[in-house]
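Here is the structure we will look at.
Order of the sequence lines sets the chain letters (A, B, ...), proteins ahead of strands, with each chain counted from 1.
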Protein chains: 2
Amino acid sequence: MADLARIAGVSKITVSRALSDSPLVNEKTRERVREIARQHGYKLNVSARNLRLRRSQTVAVIVEMKPSADRAMWHPYPLILLGGISQELTSAGYSVVLTTRGSKAPAAQAADGMILLGQGAREDAVHQFDRWHMPMVVWGAPGENEAHITVGSDNRRGGAAAAERFLAMRRHRPLFLGNPDYPELRERLAGFSDALGRHGIEPQVLVLGAFSPDAGYEAVRKLLSKRVRFDAIFAGSDLLAMGAVRALIEAGRRVPEDVSVIGYDDVPMAAQFIPPLSTVSQNWQEGGELLARKVLALIEGQPAQSEMLPSTLVVRAT
Amino acid sequence: MADLARIAGVSKITVSRALSDSPLVNEKTRERVREIARQHGYKLNVSARNLRLRRSQTVAVIVEMKPSADRAMWHPYPLILLGGISQELTSAGYSVVLTTRGSKAPAAQAADGMILLGQGAREDAVHQFDRWHMPMVVWGAPGENEAHITVGSDNRRGGAAAAERFLAMRRHRPLFLGNPDYPELRERLAGFSDALGRHGIEPQVLVLGAFSPDAGYEAVRKLLSKRVRFDAIFAGSDLLAMGAVRALIEAGRRVPEDVSVIGYDDVPMAAQFIPPLSTVSQNWQEGGELLARKVLALIEGQPAQSEMLPSTLVVRAT
DNA sequence: TTGAAAGCGCTAACAA
DNA sequence: TTGTTAGCGCTTTCAA
């Protein structure tokens with residue numbers, strides 16, 4: 001900038017003003033400076049500007065990644081959340097700084113705000129990041145982190161919707177498939193159990209480690225071989241549900257006549273599955289957008305509140 | 001840092017050294033300084049450090065996003081590419097700065113390197129970013145951008161593999177389903193056509209706008225109603241292929257006896273589909289990791305070359 | 001409409 | 001082992 005100033009025969013500050021479209025500079029001067037900048041391939045030093053302005057136009061998105069084991073955050077669906085976040089922030093002139101918890105990468109600290117996703121949104125993580133004293137929004141179940149602004153989908157309601165559907169179909173031996181160690185699944189199961197409990201029904205719970213179709217397939221196969229009786233399955237994810245359906249069909253059970261199946265997420269394949277899968281739909285993209293809008297509000301000093309996204313049961317064939 | 005120095009009774013630089021684990025500082029001094037920093041909730045100003053060190057420990061990932069229409073980059077599979085990138089960069093102590101082309105967000109300019117993804121990797125985009133003079137790696141088909149380091153999967157080989165399979169099955173009326181405006185699909189079609197051409201067979205090409213199962217379903221339904229004859233379908237994506245299979249089955253055609261179908265991508269559902277879908281597998285995750293490793297190499301001044309990831313045909317039931 | 005001075009918070013180079 | 005000096009490149013006062 002000093003060089004440009006010398007070449008243009010003006011002062012540094014005039015160059016700065018010209019390049020940032022300040023009204024404090026003469027039209028002609030501005031054009032001349034800009035032309036010179038272009039010719040010389042000048043590129044603004046963003047770090048210097050950030051230092052001076054005390055902001056980076058950046059929001060850190062922090063996801064969990066245990067080194068090897070659980071890469072849940074990199075599964076396709078949570079990533080769509082990131083798509084929503086990015087879309088919203090980008091159009092507001094912010095960039096997303098993507099980091100994983102525990103990384104030594106420093107850039108996240110320079111951000112103007114922070115979004116916590118995935119397992120990273122646990123209590124301990126929240127406290128850890130609290131010390132950074134920056135606007136923070138958390139994805140997950142509100143109430144767990146009363147002190148923080150939370151956006152999440154209504155997993156409890158989704159579980160209840162599945163239960164109500166089974167009740168309407170007069171199913172009395174429902175089964176829950178999934179790992180309630182994940183807070184989302186715990187909520188889904190809670191909503192499911194509560195709604196059933198009000199009619200004196202208690203679901204069986206089959207704890208599964210993975211979310212994959214194979215896990216669902218194997219689990220149901222084992223149940224069938226052990227002659228466990230059930231007439232309805234509520235799966236913690238669509239992939240699990242699809243695996244379950246495959247196992248049922250292979251074993252000669254009719255879906256939904258013998259066993260009704262409801263999944264969770266409404267992935268694009270759910271509608272194309274044969275038979276088309278009934279499932280609880282949640283809009284990840286929108287969740288991402290909402291998270292982004294909340295941090296932006298906080299960054300600009302406006303108030304913001306926790307919010308829960310609706311989950312709706314989509315009844316298809318199963 | 002000046003405050004900490006005063007409190008600890010040392011100089012600023014000693015604080016700096018203590019906090020950055022420099023060997024130039026006495027063990028005791030270091031501990032004392034760190035303790036004081038902790039007590040006072042000190043947080044390093046990363047912008048200042050970036051300015052001073054002339055680096056940001058950041059890699060910009062630039063994706064395409066036409067405002068409303070084509071959000072292809074936010075589809076699940078390209079996002080996995082991002083997962084791979086992020087994983088690799090994070091473990092090297094870098095953060096990912098996610099921006100879309102055309103965004104006014106400044107943070108990307110401060111990055112130490114750049115990865116261009118999606119439609120953004122077209123010629124014009126590449127030239128636009130060339131002016132930033134930073135290490136750059138592009139996702140796509142090598143050869144298109146000779147001048148730049150490119151990582152991509154071998155779409156041409158994938159198309160050829162599908163063709164070879166059909167030839168081995170003695171199919172003589174193959175059909176290609178997909179939109180060759182996308183460079184990847186163009187390559188897949190090229191490989192497919194070339195391999196067939198060597199046996200005197202020319203595939204029919206059905207250009208489809210979308211990648212969705214519905215698009216595949218509708219397209220095949222129309223073909224069947226027009227009594228177009230074909231005995232093999234190579235679809236540009238698994239979702240398309242699944243839609244096609246559904247249409248075939250509904251119309252009473254047997255898969256693969258009457259019509260063999262091969263998809264592309266090997267999405268997790270492909271193996272669970274009924275019937276399990278044959279498809280060309282490409283490893284997005286690994287592609288992302290490779291992209292990341294190449295930029296890191298460039299950033300550290302090491303040489304790097306373009307590279308093509310293998311695509312392999314996975315033969316299942318269709 | 002332009003400019004001079006000051007300083008954002010950090011670390012490399014050099015000196016003690 | 002510690003400290004002094006200087007300066008990274010920018011923009012906000014304040015003055016002309």
For atom CG of B/L4 and atom P of C/dG9, their distance in whole Å: 12 Å
4.5 Å side-chain heavy-atom contact, A/R6 and A/D3: yes
Whole-Å distance separating the NZ atom of B/K12 from the P atom of D/dT2: 18 Å
B/D130 side chain to B/H148 side chain, donor-acceptor N/O pair below 3.5 angstrom: yes
Closest non-hydrogen atom pair between A/T58 and B/A107, with its separation: OG1-CB, 3.5 Å
Close side-chain approach of A/L82 and B/L82, heavy atoms under 4.5 Å: yes
Side chain to side chain, A/M114 and A/V59, heavy atoms closer than 4.5 Å: no
DNA chain D contacts among residues 40-47 of chain A, heavy-atom distance under 4.0 Å: A/Y42, A/L44, A/N45
Value in whole Å for how far the C1' atom of C/dC10 lies from CZ of A/R49: 20 Å
Value in whole Å for how far the C1' atom of C/dG3 lies from CG of A/L24: 12 Å
Heavy-atom side-chain contact between B/I149 and B/Q305 under 4.5 Å: no
Side chain proximity check, A/M134 to A/F129, heavy atoms < 4.5 angstrom: no
Distance below 4.0 Å between A/T14 side-chain N/O and C/dT2 OP1 or OP2: no
For DNA chain C, the residues among residues 25-39 of chain B that have a non-hydrogen atom under 4.0 Å from it: none
Heavy-atom check, side chain of B/L44 versus side chain of B/M1, under 4.5 Å: yes
End axis versus end axis in the helix from C/dT1-D/dA16 to C/dA16-D/dT1, the angle rounded to 10°, five pairs used at each terminus: 30°
Partners passing side chain to side chain contact (heavy atoms under 4.5 Å, CB included) against A/E27 (at least two apart in sequence or in another chain): A/R30, A/E31
Collect all protein-nucleotide pairs involving nucleotides 12-16 of chain C in which both atoms are nitrogen or oxygen and the distance is under 3.5 Å.
residue	atom	partner	partner atom	Å
C/dA12	O4'	B/R52	NH2	3.0

A/T100 versus A/S103, side-chain donor and acceptor atoms under 3.5 Å: no
Spacing between B/R6 atom CZ and D/dT2 atom C1', to the nearest angstrom: 19 Å
With B/V10, the side chain to side chain contact (heavy atoms under 4.5 Å, CB included) member among B/I36, B/T29, B/L4, B/N26: B/T29
side-chain contact (heavy atoms from CB on, under 4.5 Å) between B/W139 and B/L81, intermediate numbers included: CA-CA 10 Å; B/W139 172 258; B/L81 201 57; 3.9 Å; yes
Below 4.0 Å: OP1/OP2 of D/dT2 and any side-chain N or O of B/S11: no
Contact check, side chains of B/L98 and A/L89, non-hydrogen atoms, under 4.5 Å: no
Value in whole Å for how far the P atom of C/dC8 lies from CG of B/D3: 11 Å
Pair listing, salt bridge (charged side-chain N to carboxylate O under 4.0 Å, His left out) test, anchored in residues 102-113 of chain B, at least two apart: none
Nearest-nucleotide pick for A/L51, side chain only, options being C/dG3, D/dG9, D/dC10: D/dG9
D/dG9 OP1/OP2 closer than 4.0 Å to side-chain N/O of B/R54: yes
